[in-house]
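Order of the sequence lines sets the chain letters (A, B, ...), proteins ahead of strands, with each chain counted from 1.
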Protein chains: 2
Amino acid sequence: MRYGDAMQNKVSVSGAGGESLLFLTDDQLRRGIEAMFFAYRAFTADPDLILAELDYGRAHHRAIHFINREPGLTVTALLDVLGVTKQSLNRVLRTLIEDGLVESRIGRRDRRERQLYLTEQGAALERRLTETQRARMRAAYRAAGPQAVAGFRQVLEAMMDRDTLRQYRALKDLPETP
Amino acid sequence: MRYGDAMQNKVSVSGAGGESLLFLTDDQLRRGIEAMFFAYRAFTADPDLILAELDYGRAHHRAIHFINREPGLTVTALLDVLGVTKQSLNRVLRTLIEDGLVESRIGRRDRRERQLYLTEQGAALERRLTETQRARMRAAYRAAGPQAVAGFRQVLEAMMDRDTLRQYRALKDLPETP
DNA sequence: TTATTACGTCAGGCTTGTTGACTTTCCAAC
DNA sequence: GTTGGAAAGTCAACAAGCCTGACGTAATAA
């Protein structure tokens with residue numbers, strides 16, 4: 001097992017093309033990686049504080065977010081977006097339902113399905129959680145400017161694999177990028 | 001408890017200024033939030049596969065990454081960057097040392113300190129893990145272009161809080177942004 | 001000498017994830 | 001109308017990865 005013996009350092013040409021790749025040093029890439037790590041941690045810090053107060057975790061946040069995003073979505077659909085097992089989600093979902101934040105109604109088309117909705121209380125928590133992240137994002141967007149924001153989104157989307165991108169796009173109201 | 005009753009929708013003016021904030025709708029912000037969520041998941045997927053093979057987790061990856069980044073750093077310093085407890089890190093570090101990926105030498109200046117280094121084997125795993133992420137990042141960078149990359153980094157940095165930004169900058173070889 | 005720091009470790013607890021097995025309900029196809 | 005399978009819920013057991021609290025040891029600093 002010997003990895004990357006030839007790619008030890010500096011300018012990784014990386015492709016066959018070699019267009020204008022001068023900026024793609026391993027240093028640059030590594031900084032991008034680290035920026036993701038630190039930014040993501042900062043990004044989840046605010047909601048985590050609120051959630052801890054209420055004895056919830058990030059899993060609850062994610063469930064609440066996507067139920068809010070698409071009211072009436074089924075358990076299977078939610079399972080698909082979150083990428084976890086039924087059992088894992090169920091535990092979280094059960095507490096949310098018991099606590100009166102989520103409502104589970106029998107499916108209209110198919111009575112086997114359960115359609116998930118936020119209650120007024122659940123929607124209130126969603127707003128509270130999201131607002132902290134929006135505030136952070138808003139501040140970052142204002143500081144960086146519209147052009148930077150476009151680049152930010154462009155790179156993030158380019159980082160997603162096919163399947164993830166599909167899920168991401170499925171959520172969009174108005175797809176802009178063909 | 002009633003949150004954000006007034007901010008329900010659309011164009012959040014958000015500041016007192018109102019410069020050229022037309023692009024900052026709640027929709028835009030929400031998409032940014034979701035892009036972070038999905039991109040981060042895609043971003044960690046490749047290393048996770050390799051780590052699972054070896055019965056390691058993300059915690060091991062993070063430790064390896066930062067030890068590689070700054071060979072000889074002390075346990076306390078590592079604790080600070082990772083933002084976890086001593087006990088939590090110790091379990092991870094112990095297995096890495098037992099498995100011969102990390103070496104812990106007695107501090108030169110201060111004999112209480114332990115300075116951490118990757119062994120040849122540890123460095124090999126680091127390269128293997130990082131290369132998957134670099135490849136993804138490289139592809140995304142190439143697809144999006146240099147300008148987008150600049151924006152990407154700019155927004156991520158603007159998202160970090162003071163303390164996180166300090167840690168992030170402390171790693172940099174050549175700080176560019178004043 | 002004493003206080004403090006750096007590190008390691010034992011114990012116990014929580015959340016979130018996993019597998020595997022099983023039941024109930026319901027749709028749909030034969 | 002029976003039957004096969006999908007959707008959902010549940011029980012049990014387990015592991016990773018975090019946490020707090022308490023304690024011990026070694027070495028530096030006051």
message = With a 4.0 Å limit, can you tell me whether T85(A) has a side-chain N or O closer than that to the phosphate oxygens OP1/OP2 of dT18(C)?
response = yes
query = Would one find a side-chain N or O of H60(A) under 4.0 angstrom from OP1 or OP2 of dT15(C)?
reply = no
query = Rounded to whole angstroms, how far apart are CG on L79(B) and P on dG17(D)?
reply = 16 Å
OP1 or OP2 of dT24(C) under 4.0 Å from side-chain N/O of R111(A) = no
query = Looking at the side chain of S88(A), which of dT16(C), dC18(D), dG9(D) is the nearest nucleotide?
reply = dT16(C)
No-hydrogen, no-angle side-chain donor-acceptor test under 3.5 Å, Q28(A) and R138(B) = no
remark   = When rounded to whole Å, the CD1 to P distance for the pair I106(A) and dA6(D) reads 21 Å
task = Would you please say whether a donor-acceptor pair under 3.5 Å links the side chains of R41(A) and Q167(B)?
result = yes
message = What's the closest nucleotide to the side chain of E113(A) if the choices are dA6(C), dT18(C), dA7(D)?
response = dA7(D)
message = Please classify the nucleic acid contact of R94(A) as base, sugar-phosphate, or nothing, using heavy-atom distances under 4.0 Å.
response = sugar-phosphate
query = Just by distance, with hydrogens left out, do T95(B) and H60(B) show a side-chain donor and acceptor under 3.5 Å apart?
reply = yes
task = Quickly work out the L89(B) CG to dC19(D) C1' distance and round it to whole Å.
result = 14 Å
message = What I want to check is whether an N or O donor and acceptor connect the side chain of Q87(B) with the base of dG12(C) at under 3.5 Å.
response = no
request  = Measure from CG on D55(A) to P on dC19(D) and round the result to the nearest Å.
outcome  = 16 Å
inquiry  = What contact category does R91(A) fall into here, base, sugar-phosphate, or nothing, at under 4.0 angstrom with non-hydrogen atoms?
reply    = base
request  = In whole angstrom, give the distance that lies between atom CZ of R114(B) and atom C1' of dT9(C).
outcome  = 14 Å
inquiry  = Using a 6.0 Å cut-off, check whether atom CZ of R108(A) has over 12 heavy atoms from anything other than its own residue.
reply    = no
task = Give one of base, sugar-phosphate or nothing for R109(B), where a contact means two heavy atoms less than 4.0 Å apart.
result = nothing
note = Separation of dC19(D) atom P from L82(B) atom CG, nearest Å, is 10 Å
request  = Let me know the distance between CG of L78(A) and C1' of dA7(D), rounded to the nearest Å.
outcome  = 14 Å
task = Please tell me which of the listed nucleotides, dC27(C), dT18(C), dT16(C), lies nearest to the side chain of D110(A)?
result = dC27(C)
request  = Starting from C1' on dT4(C), measure out to CZ on R112(B) and report it in whole angstrom.
outcome  = 7 Å
query = Quick one: on DNA chain C, does S104(B) or K86(A) contact a more 5' nucleotide (nearest heavy atom)?
reply = S104(B)
ask   = Side-chain donor-acceptor pair under 3.5 Å between Y168(B) and E34(A), yes or no?
value = no
